[in-house]
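First the structure, in the form of structure tokens, and then the observations on it.
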2 protein chains.
Amino acid sequence: MNTTAKPPRTIVDADTAAARILDAAETLFYREGSRNVGVDAVVREAGVNKMSLYRQFSSKDELLRRYLQRRDDRFWGYVDASLELHPHDAAAALRQFFADLAERAGNPAYRGCPFVNIAVEYPEREHFARVFVADNKRQLLQKLTELATRAGARDPAALAKGLALLIEGAYAASQTYAPETELLSALPATADLLIAAAMLS
Amino acid sequence: MNTTAKPPRTIVDADTAAARILDAAETLFYREGSRNVGVDAVVREAGVNKMSLYRQFSSKDELLRRYLQRRDDRFWGYVDASLELHPHDAAAALRQFFADLAERAGNPAYRGCPFVNIAVEYPEREHFARVFVADNKRQLLQKLTELATRAGARDPAALAKGLALLIEGAYAASQTYAPETELLSALPATADLLIAAAMLS
DNA sequence: TGACGATGTTACCGACCGGTAACATTACGT
DNA sequence: ACGTAATGTTACCGGTCGGTAACATCGTCA
């Protein structure tokens, strides 16, 4: 008897196939690492055929590009969501961002900053994915500097850099330190301290 | 004519072969990532035969174990070198560590914290390499807490956690931010600020 | 109905991966 | 001088990688 009956041939149009593939890539690339995940795993997760991937995306590298863009969009969504809570108080907006970041990074499913992970995965600084990461971080530093200025910091650039270091630290620590150390619990207070110190005349 | 003459068969004893293999692994695993480097690349770099590797190390995983131990020793060497400069001034010792860290992380050949990189490379928290990393970080936090206590901080655990976040941030930022942003230049001053603020009565 | 374009399926390619067996060669103790 | 143990060399294993060709099947529209 045939216990391994073939699943019915399901047919999806190109657009939904591309969407499912991107969803699968976002999940797997983030959770396992883009270099650790093969295209076969992506199509399996997406429930589509391998040829459907290569008819929608020219290569795995292009899929990686689309993944990075999605992560970028998602990241700025997080930032905006935090900042919008305090549209007229830049210092409060900064504090809000760190509180929300500590919340996110404490989630057990959190796997660190996707851009930090990319930087680790690809050794060459000139790799297109690394360049994408550097752009994202540059924009983040610019946003932090702008907020520090609006908050009235004496040295906005210095405050922004200090906060940027803290942010990267939260990303990395979420993966390196065991959860029991509760390192992230110190994140909001430390950020508050830096912000407050930057305001003193 | 034979333009591709075989290199002479050089023969090295087991101990020096093992040492050369470990040196090669340390270089390559750190620079390219342990998962991105194959055993063939290691033996090529070491200038030994592949069988010499598998006669000295039971598997690539054991080579990874030895690599981690080497990196751990090297790391605590860095720490001790900084702290020994101020044996009777814990606050100064902490500041010294951050100054030295900023120096190291600013080197163009720097490829971030080897333990952070391991945490990115291996998704499962239970993987032996991840456990090793968590142990290293736990010991670092303990050392920081001890120093914060000796320095007279009001809340040593809080200061230690803040400094630990900054350290992880420096590691990650060295790879994610473009060198032009000079984010690391803000590291010593930010650490000094946290240390000073923790002393206020 | 029939034809055409889009999709699914299978099989395959060359390259690399970690790891090993079999054998050639060398160094060294007796 | 000879035998033995350690080392070097070659070839290979099964598995996975990114990517593709060939063909079967489907939906759609004339």
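To find a chain, count down the sequence lines: A is the first, B the second, and so on, and within it residues start at 1.
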Go through the steps to decide whether B:Glu121 and B:Arg35 satisfy the test salt bridge (charged side-chain N to carboxylate O under 4.0 Å, His left out), and finish with yes or no. CA-CA 7 Å; B:Glu121 284 193 285; B:Arg35 293 187 70 155; 5.7 Å; no
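Results of the side-chain hydrogen bond (donor to acceptor under 3.5 Å, both in side chains) test with A:Asp135 over A:Lys137, A:Gln139, A:Arg138 single out A:Arg138 as the only residue that passes.
A:Ile21 places its CD1 atom 9 Å from the P atom of C:dG8, with the value rounded to the nearest Å. Atom CZ of A:Arg44 and atom C1' of C:dT9 are 16 Å apart (whole Å). In this structure, CG of A:Asp40 is placed 13 Å from C1' of C:dC12, rounded to the nearest angstrom. With rounding to whole Å, B:Leu53 atom CG is found 10 Å from C:dG19 atom C1'. Regarding B:Arg55, its CZ atom lies at a distance of 7 Å from the P atom of D:dG8, rounded to whole Å. Between the P atom of D:dG18 and the CD atom of A:Glu62 lies a distance of 15 Å, rounded to the nearest Å. Taking atom CG on B:Asn36 and atom C1' on C:dC16, their separation rounds to 13 Å, with Å as the unit. Nucleotide D:dC17 holds its P atom 12 Å from the CG atom of A:Leu28, rounded to whole Å.
Contact annotation for B:Val37: backbone-only contact, meaning every heavy-atom pair under 4.0 Å involves sugar-phosphate atoms and none involves a base.
Between A:Lys50 and A:Gln56, the residue anchored closer to the 5' end of DNA chain C is A:Gln56, taking for each the nucleotide with the nearest heavy atom.
A cation-pi arrangement is found for A:Arg104 relative to A:Tyr78, the charged atom lying closer than 6.0 Å to the ring centre and inside a 45° cone about the ring normal.
Comparing C:dG8, C:dG19, D:dT9 by their closest approach to the side chain of A:Asn49 singles out C:dG8. The side chain of A:Ala14 sits closest to C:dT7 out of D:dT10, C:dT7, D:dT7. Of the candidates D:dG18, D:dG8, C:dA21, the closest approach to any side-chain atom of B:Met51 belongs to C:dA21. Nearest nucleotide to the side chain of A:Tyr54, out of D:dT9, C:dT20, D:dG19: D:dG19.
Residues B:Tyr177 and A:Ala164 come closest through the heavy atom pair OH-CB, 3.5 Å.
For D:dG8, the OP1/OP2 oxygens have a side-chain nitrogen or oxygen of B:Ser52 closer than 4.0 Å.
A:Thr27 and A:Glu45 are not linked by any side-chain donor-acceptor pair at a separation below 3.5 angstrom, with hydrogens and angles left out of the test.
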